[in-house]
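Here the structure comes first, spelled out in structure tokens, and everything after it is commentary.
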Number of protein chains: 2
Amino acid sequence: MTDPAKPSYDDVVRIPAPPGRSNATGRPPRIEEVAERAGVAPITVSRVLRHPEKVNRKTRERILEVIEATGYASNPHARALRSGRSNVVVAFVSNILSQQFGLAVRSFAATLEPEGFEVLVGQTSYSYAKEVAMVQSLRGIRPAAVMFTGVIELEENRTALAELGIPVIETWAFPRDPIDMLVGLPNADAGAMAARRLAQAGHRRVAFIGRSSGRGALRRDGFRAAAAQLGLTIVHEILVGEVTGLVDGRAAFTALLERSGDVDTVFCANDLLATGALIEARARGLSVPRDLAVLGFGDNDVADQITPGLTTISFDAAAVGRLAGELLLARLSGTPRAEQRLAVDLFLVERGSV
Amino acid sequence: MTDPAKPSYDDVVRIPAPPGRSNATGRPPRIEEVAERAGVAPITVSRVLRHPEKVNRKTRERILEVIEATGYASNPHARALRSGRSNVVVAFVSNILSQQFGLAVRSFAATLEPEGFEVLVGQTSYSYAKEVAMVQSLRGIRPAAVMFTGVIELEENRTALAELGIPVIETWAFPRDPIDMLVGLPNADAGAMAARRLAQAGHRRVAFIGRSSGRGALRRDGFRAAAAQLGLTIVHEILVGEVTGLVDGRAAFTALLERSGDVDTVFCANDLLATGALIEARARGLSVPRDLAVLGFGDNDVADQITPGLTTISFDAAAVGRLAGELLLARLSGTPRAEQRLAVDLFLVERGSV
DNA sequence: TTGTATGCGTTATCAG
DNA sequence: CTGATAACGCATACAA
């Protein structure tokens, strides 16, 4: 199609620069240069940046002008080395493509950045091996704190994280013994909510699609328990490995149909699976919810756009990130909140697939 | 639904730890501690980590044992301060939820991490204001290099980036004058490919949906030029702002239908728009491609799963990240590649919507 | 092959 | 309110 050796150029519109400051020294300015120009000692410049109220107003303003003129920014390595404090916070996401995780990390970063922190995003890929490597890499990065979209299950990593001596925030589940701080979701309750909603719609023979471990299993357990109480029969459980796209939901749904036994509804442990199931159902000419109802969890973008819309159990993913950021800021400022373990509310989004 | 004050607990399965090393000093070990235990000078430990071949094998093995036993990892701040080199590489993504960008960043990180670099992911949100703030934040982070999923248009930022004195990699477009290194896509060619494909299918009255700036505009320009040559009439151009979800494609498609003039096909500048258009077309009972053909760009997950599948102009997004990583490694190792500007090939994926 | 002396740029500490 | 001094932990330059 295109010859990579001779691509045609894209004519990009360049937007001209406003008249700018310049500092043509070659290397970034140091605090000493700023201090000299302002006629003060380096430590006074440092104070202006960290405790401005402790510096005389006139001195402060003069220094700030020089800072502006030179474009000075303190060297983070020297600062971290001397003060023992880093301004880097690492957020680990088990799947960088997940919309929910993306929203949470986005709001986490938005909460921390105004306070001078830099949020670094890493990925763990739902893999214990990667999780181990990641905890190791933290020893090398020495961040101010670390946040996970998930909880850490491997005891070795729990210990290693606790030994880092920095704040640790887990999210997305509500275990009894978090490593440190927590913004949790009651996953088992989600399964129970699902069972109640399906029972209410008159369904009796239900199926489950989800991962066999992690949060999917938590939702399944809650689903199982509530289903038993409500008189629902779980006819099949289709267990999947890592979920990377809609195609996994389609495959799982196909596997479900291939098993015998009439099923009138399926609860999927996340919306990627549920959406895939819905698409596969339509592709096979099944009417949803008449032939088969589908209930999801997590509310992603596509769930709202397909027909019928996916009925799903949802929560405010951005709030998870924001609360995590707020918990962390309180801790790092030396006045931790009384409550170090928060839970985010679940709610049902009705759209027509049940 | 759920009372957030009293969430039920998720019983998480903890995986027990293997018997581990321990170092109970309270604080992380320093190079001096390792050196003492191994009976050498600190510099020898440093050498073992950076130039192992320059240390006697027996000495090296003894030191490595102590490193393993203590869990020593060198302090990155001290290392960066002294050596002037950081191992952090920043990758800026204009939309952290985009599948294409996610794939590129993932493979970029996968290429760099084995070589000891840490990849930090930031977000620019298609906004010049954010882009300015981001370039400022780089002064504070002092990374070893920076990569963008996009090209920098604001001259002020181009200058500021060039002045950082670190390798800069732009991607996703093929401008004549990149700041430094480039892994580009010939966007204008994509528009031309689109026009050729539509002409070949016998369409004559075409429409365009896309952003009015950035890469969308580049694809539009190529589309316009080739359409004129091929005798196609561009009946309408629907311009959109930031694209955040399928809903934008649905809205744009609705806007297109509201304009008069019969159109037999629409080229969308990205697959999120195209998929939204396809969904909206189906919701309105239109038959695709009989009533209206839809052609996309970028090949995302959903494009393959809907019915009919979206015909789209695609490329290997993971290759963009990998090539960017390889260019960078070559540069940082002191032996830059002869070719500092690479182009990734485009290809057509036929699925039925044209 | 290994070691000694020195300084990267900043901030904690204490003195004025 | 401002400054002098020292130290954070490591790697460069040079010496042995």
Side-chain angles (χ1 to χ4, degrees), chain A residues 23 25-64 66-67 70-88 116 139-142 144 165 334, chain B residues 23 25-64 66-67 70-88 116 139-142 144 165 334:
Chain A
N23 164 46
T25 59
R27 301 196 323 160
R30 284 165 305 151
I31 200 169
E32 196 178 7
E33 183 181 333
V34 174
E36 234 166 72
R37 287 219 211 182
V40 296
I43 187 68
T44 306
V45 177
S46 175
R47 268 196 279 259
V48 164
L49 291 172
R50 292 173 304 114
H51 311 289
E53 75 285 358
K54 292 189 174 177
V55 175
N56 180 291
R57 195 173 56 77
K58 278 192 68 175
T59 315
R60 185 173 63 222
E61 282 168 3
R62 195 172 68 242
I63 293 173
L64 286 173
V66 178
I67 287 176
T70 54
Y72 172 74
S74 76
N75 182 314
H77 305 301
R79 178 159 28 85
L81 178 59
R82 175 63 248 221
S83 71
R85 275 181 264 294
S86 162
N87 68 338
V88 170
R139 305 183 73 94
I141 296 176
R142 316 258 170 132
Chain B
N23 163 45
T25 60
R27 301 197 321 159
R30 285 165 304 151
I31 200 170
E32 195 178 5
E33 185 181 331
V34 175
E36 235 166 72
R37 288 217 211 182
V40 295
I43 187 64
T44 307
V45 177
S46 176
R47 271 197 276 260
V48 164
L49 292 172
R50 292 172 305 115
H51 310 290
E53 74 285 358
K54 293 189 175 180
V55 175
N56 180 291
R57 195 174 57 77
K58 277 193 70 175
T59 314
R60 183 173 64 222
E61 282 169 2
R62 194 170 70 242
I63 293 173
L64 286 173
V66 178
I67 287 175
T70 54
Y72 171 74
S74 76
N75 182 315
H77 305 301
R79 182 160 25 85
L81 179 59
R82 177 61 246 232
S83 71
R85 276 182 262 293
S86 162
N87 68 337
V88 170
R139 306 182 72 93
I141 297 175
R142 315 258 170 135

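All chains are named by letter (A, B, ...) in the order of the sequence lines, taking the proteins before the strands, and each is independently numbered beginning at 1.
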Which atom pair, heavy atoms only, marks the closest approach of [X] to [Y]?
{"X": "B/Ala38", "Y": "B/Val66", "answer": "CB-CG2, 4.0 Å"}
{"X": "A/Ala35", "Y": "A/Ala41", "answer": "CB-C, 3.7 Å"}
{"X": "A/Arg50", "Y": "A/Ser46", "answer": "NH2-OG, 2.7 Å"}

Chain B footprint on DNA chain D, 5' to 3' - any atom under 4.0 Å from a heavy atom: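 Range of nucleotides within reach of chain B: D/dG9 to D/dT12.
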Side-chain donor-acceptor distances from residues 72-79 of chain A under 3.5 Å, at least two apart:
{"unit_1": "A/Ser74", "atom_1": "OG", "unit_2": "A/Arg79", "atom_2": "NE", "d": "2.8"}
{"unit_1": "A/Ser74", "atom_1": "OG", "unit_2": "A/Arg79", "atom_2": "NH2", "d": "3.2"}
{"unit_1": "A/Asn75", "atom_1": "OD1", "unit_2": "A/His77", "atom_2": "N", "d": "2.7"}
{"unit_1": "A/Asn75", "atom_1": "OD1", "unit_2": "A/Ala78", "atom_2": "N", "d": "3.1"}

Between atom CD1 of B/Ile31 and atom OG1 of B/Thr44, what is the distance when rounded to the nearest 0.5 Å?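 Here the rounded value is 9.0 Å.
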Distance in Å, B/Asn56 CG paired with B/Glu61 CD, rounded so as to fall on 0.5 Å steps: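 Interatomic distance, B/Asn56 CG to B/Glu61 CD, rounded to 0.5 Å: 9.0 Å.
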Produce a footprint string for nucleotides 3-12 of chain C: one letter per nucleotide, 5' end first; B if the base is under 4.0 Å from any protein heavy atom, S if only the sugar-phosphate is, - if neither. BB-BBBBBBB
Side chains of B/Ser86 and B/Arg142 in contact at under 4.5 Å (non-hydrogen atoms): no
